[in-house]
Every structure is written in structure tokens, then in C-alpha cells.
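Right, one structure below, let's go through it.
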Amino acid sequence: MSNKLHVKKDDTVLIISGDDRGKTGKVLAVSPKEGKVIVEGLNMVKKHVKPRKAGDNGGIIEAEGAIYASKVEVVCPSCKKATRVGHKILEDGTKQRVCKHCGEVM
């Protein structure tokens, strides 16, 4: 799997497949090596937690699980549509991500 992802931390994304299809959320973490992202409030999984020291509570907690980056699509902040990400090289030589729908810099 490639180590480059079209998604970055703090992007707003739309889930395009799975149980949470159609929901949007903010990316909390990106793992390029695995090709996965963690989206805030989506793909919730139950974790069994053991108390580590005296006074800590154990039990079952809900946490966000990782989801494959291919199953999410970036939402453009200007046109509010789920879109593919394009790249554009500006006059000063810097590379920017652009929306494929409206052409605005993301």
C-alpha cells in the first residue's frame, strides 16, 4: 500500500461505505503506513479496559476505530461537497491541494 494519503489531520471527511455511510466528521489522526484514518465520533468500537493502578476504573469504553482512507472522501470547505483532491503548483513553486469541483484551494 502506498504511504501517501489524500486525507490530512483536521480535514472534514464523508464516509462513503460501511455502517456509517453518509456521515461526516473531522479527522483526528492519520496513519499512512496502515492507510487508515480515525474520524471523530464515527466507527465506534468497544474496548475492554483493565484498571492499571489502585483506584482506576476498569470496564468497557467506546472509542473511535480506524477506517481505511479509501472509504472516506474529503469535504471541500468552500463548496461543501465531497470531492476528490487535486494538486496545483502555484507561481511561487509551492504545491497546494485543490477541490476538483470548484477549483478552490483547500
Side-chain angles (χ1 to χ4, degrees):
M1 177 157 264
S2 176
N3 286 343
K4 276 199 136 179
L5 296 179
H6 64 285
V7 184
K8 291 187 177 186
K9 188 178 174 188
D10 295 329
D11 278 349
T12 303
V13 293
L14 173 76
I15 308 290
I16 56 175
S17 70
D19 292 337
D20 290 325
R21 181 175 62 213
K23 296 178 183 174
T24 59
K26 182 177 153 191
V27 176
L28 297 176
V30 178
S31 178
K33 192 172 181 182
E34 296 174 341
K36 294 185 177 187
V37 295
I38 295 177
V39 183
E40 184 177 28
L42 299 177
N43 195 31
M44 300 302 281
V45 293
K46 292 185 187 253
K47 282 181 155 184
H48 295 257
V49 178
K50 190 175 183 180
R52 291 288 163 204
K53 55 185 181 229
D56 278 358
N57 287 331
I60 303 170
I61 60 165
E62 281 208 22
E64 291 95 353
I67 186 170
Y68 282 108
S70 61
K71 295 181 179 280
V72 300
E73 211 168 20
V74 179
V75 176
C76 176
S78 58
C79 66
K80 306 289 189 255
K81 288 183 185 174
T83 182
R84 289 174 293 131
V85 176
H87 291 88
K88 188 181 202 178
I89 298 174
L90 302 177
E91 294 83 28
D92 60 352
T94 59
K95 192 174 178 182
Q96 287 287 326
R97 299 191 312 158
V98 294
C99 172
K100 285 283 193 174
H101 284 289
C102 65
E104 289 291 320
V105 174
M106 295 174 118

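- Taking Ile, Leu, Val, Met, Phe, Trp and Tyr as members and joining any whose side-chain heavy atoms lie under 4.5 Å apart, directly or through other members, the hydrophobic cluster of Val98 also contains Val105.
- Taking CD from Gln96 and CD from Glu104, the interatomic distance works out to 11.5 Å, rounded to the nearest 0.5 Å.
- One distance of note links CD1 of Ile16 with OG of Ser70; it measures 7.0 Å at 0.5 Å rounding.
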>> Quick one, Lys8 with Val30, criterion side-chain contact (heavy atoms from CB on, under 4.5 Å). Give me CA distance, side-chain angles, the key distance, then yes/no.
In response: CA-CA 7 Å; Lys8 291 187 177 186; Val30 178; 5.5 Å; no

Extract all donor-acceptor atom pairs below 3.5 Å that involve side chains of residues 73-88 and protein atoms in other chains or at least two apart in sequence.
unit_1, atom_1, unit_2, atom_2, d
Lys80, NZ, Pro77, O, 2.5
Thr83, OG1, Lys100, N, 3.3

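- Between Val37 and Val13 the shortest side-chain heavy-atom distance does not fall below 4.5 Å.
- Within the structure, salt bridge (charged side-chain N to carboxylate O under 4.0 Å, His left out) contacts touching residues 21-32 (residues at least two apart or in different chains) are Asp10-Lys26, Asp20-Lys23.
- Hydrophobic cluster membership for Val45: none, as no Ile, Leu, Val, Met, Phe, Trp or Tyr side chain comes under 4.5 Å of it.
- By the side-chain contact (heavy atoms from CB on, under 4.5 Å) test, Ala29 is found to be paired with Ile38, residues two or more places apart in sequence or in another chain being considered.
- Within the 4.5 Å cutoff, no side-chain heavy atoms of Leu14 are placed close to those of Val72.
- When hydrophobic residues (I, L, V, M, F, W, Y) are linked wherever their side-chain heavy atoms come within less than 4.5 Å, Leu90 remains an isolated member.
- Minimum interatomic distance between Leu5 and Ala69 (heavy atoms only, all atoms of both residues): CD2-CB, 3.8 Å.
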> Could you walk me through whether Leu42 and Ile67 pass the side-chain contact (heavy atoms from CB on, under 4.5 Å) check?
Replying inline: CA-CA 9 Å; Leu42 299 177; Ile67 186 170; over 6 Å; no

> Is there a side-chain contact (heavy atoms from CB on, under 4.5 Å) between Ile89 and Thr94 once you walk through the steps?
Replying inline: CA-CA 6 Å; Ile89 298 174; Thr94 59; over 6 Å; no

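- Through chains of ILVMFWY side-chain contacts below 4.5 Å, Ile61 is grouped with Val49.
- Looking at residues two or more places apart in sequence or on another chain, you find a side-chain hydrogen bond (donor to acceptor under 3.5 Å, both in side chains) between Ser17 and Lys71.
- Applying the salt bridge (charged side-chain N to carboxylate O under 4.0 Å, His left out) test to every pair with at least one member in residues 37-63, sequence neighbours left out, gives these pairs: Lys46-Glu62.
- When all heavy atoms of Glu34 and Tyr68 are compared, the pair lying nearest together is O-CE2, 4.1 Å.
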